[in-house]
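None of the values given here were measured: they were computed from a predicted structure. Note that ligands are numbered from 1 as they come in the structure, with each ligand's atoms numbered from 1 the same way.
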Amino acid sequence: MLRPQYLPCILLLCILLCNCGASASRKTEASETEQLSFPSFSADSAYVFIERQVAFGPRVPNTTAHKRCAAYLSKELKRFGAEVFEQAAELKAFDGTKLQAVNIIGSFNPTQSKRILLCAHWDSRPWCDHDPEPQNRKQAVSGANDGASGVGVLLEIARLIGKQPPSVGIDMIFFDAEDYGAPQDAKTDMQDSWCLGSQYWAKHPHRNGYRASYGILLDMVAAPGATFYREQISEYFAPNIVEKVWKEAQRLGFGHYFVNKKGGAITDDHLYVNRISGIPCIDIIQFDPQSQSGFGHYWHTVNDTMENIDKATLHAVGSTLIHVLYKE
Ligand SMILES: [Zn+2]
């Protein structure tokens, strides 16, 4: 994804106006008895799902690792009882490369009309263009956090849904070709060179007229001590969903991860889900206001490896999502 931007003042004004109405629609909290019946998110299991993706090697489109990982992800979703669609598309990258991309979609309880969309990107970046060492910059990113972590959390949720379905229908989309965007030093504005898989899906949904009540995107959700701020595009398009998720995280005692403050505006897959599909979608993404990039030190470097995957962070994110979904 592209580094945080700052929204123009008019958008900020809209954000403020939207936020005023959000608190009125808060739901009452579920009883303790109800919560006991929620499945328990296993960070160990999510960790293994991340490790398996990383073991294929960087999942860069047009590589063998990418093909093999796609087959693995489809197989796992089927194993957990999802109806799986593999949406293949040839997508043109900013440099003219034709990417053989595939969005992998798993639908649970497909006849249920109330649906929630959960998504993450599964590809990895072909270059470590933010590595401090110039000799590393031609290498592909391992993408343990940037890619595999969001998918790992969703696979663990898929496993739990397979055992104990929530009352709503869930669609999971693993978007391809998110991270093939133009390097930061590109001369022209190439914001739309990122998120090619989600742009394609938003224009060509896997079902005609596909709707979901809302969407949640996960990206870089596993670093030790990660902080997730209220991302500005999410606040603009889906302030009530941001409120719902951050409030649930605070209530569960994860307020040190889900910081109740405004973060940057990040070009990520949720932008196109919001803008093109019209489905309100938020992004849970690590944001570090102290760092130059706005992201973790490992971002787009050779250090985006399993050493930067932390089970406590996975537990915070996964447990929050389980509570949000099973309260619907
Ligand atoms: Zn990235």
Side-chain angles (χ1 to χ4, degrees), residues 1-5 50 53-54 56-63 65-66 69 73 91 93-95 97 99 101 103 119-132 136-154 173-186 190-201 217-223 226-229 231 233-234 263-273 281 283-288 291-309 313 317:
M1 73 302 313
L2 200 53
R3 72 166 63 186
Q5 316 281 325
I50 298 167
Q53 293 171 76
V54 172
F56 287 109
R59 283 79 62 213
V60 174
N62 302 347
T63 64
H66 181 265
C69 187
L73 297 175
L91 303 174
F94 72 95
D95 58 358
T97 306
L99 306 175
N103 293 323
C119 40
H121 78 90
W122 72 272
D123 62 307
S124 25
R125 184 154 180 76
W127 318 281
C128 291
D129 51 337
H130 280 80
D131 200 283
N136 291 340
R137 292 180 193 156
K138 292 256 190 299
Q139 289 184 46
V141 180
S142 289
N145 251 309
D146 193 356
S149 69
V151 172
V153 168
L154 294 188
I173 307 187
F174 302 152
F175 289 122
D176 201 353
E178 188 274 344
D179 233 347
Y180 216 106
Q184 212 99 65
D185 55 7
M190 290 202 174
Q191 189 198 40
D192 289 343
S193 66
W194 301 82
C195 309
L196 299 178
S198 54
Q199 292 188 55
Y200 182 85
W201 175 81
L217 171 68
L218 305 181
D219 199 353
M220 301 195 281
V221 289
T227 46
F228 310 109
Y229 284 65
E231 188 271 337
I233 292 169
S234 312
I266 298 165
T267 301
D268 206 346
D269 292 315
H270 70 314
L271 173 63
Y272 301 96
V273 174
C281 185
D283 193 7
I284 300 175
I285 183 165
Q286 183 180 0
F287 178 70
D288 179 358
S291 82
Q292 206 193 353
S293 68
F295 301 126
H297 63 90
Y298 58 85
W299 178 67
H300 293 182
T301 75
V302 295
N303 298 316
D304 188 359
T305 54
M306 290 307 292
E307 285 75 53
N308 288 308
I309 300 297
T313 309
V317 174

Do any of the N, O or S atoms of [X] sit under 2.8 Å from the Zn ion (ligand 1)?
X      : value
Asp146 : yes
Asp179 : yes
His121 : no

Quiz item: For Thr97, which residues count as a side chain to side chain contact (heavy atoms under 4.5 Å, CB included) partner, sequence neighbours excluded?
Solution: Asn62, Ala93, Asp95, Leu99, Tyr180
Quiz item: How close do Leu91 and Ala177 get, heavy atom to heavy atom, and via which atoms?
Solution: CD1-CB, 4.3 Å
Self-check item: the Zn ion (ligand 1) - closest N/O/S atom in His300
Solution: NE2
Practice problem: Specify whether His300 and His130 have parallel, tilted or perpendicular ring planes, treating 30° as the upper limit for parallel and 60° as the lower limit for perpendicular. | Solution: tilted
Quiz item: Considering residues at least two apart in sequence or located in another chain, which fulfil the side chain to side chain donor-acceptor pair (under 3.5 Å) criterion with Asp131?
Solution: Asn136
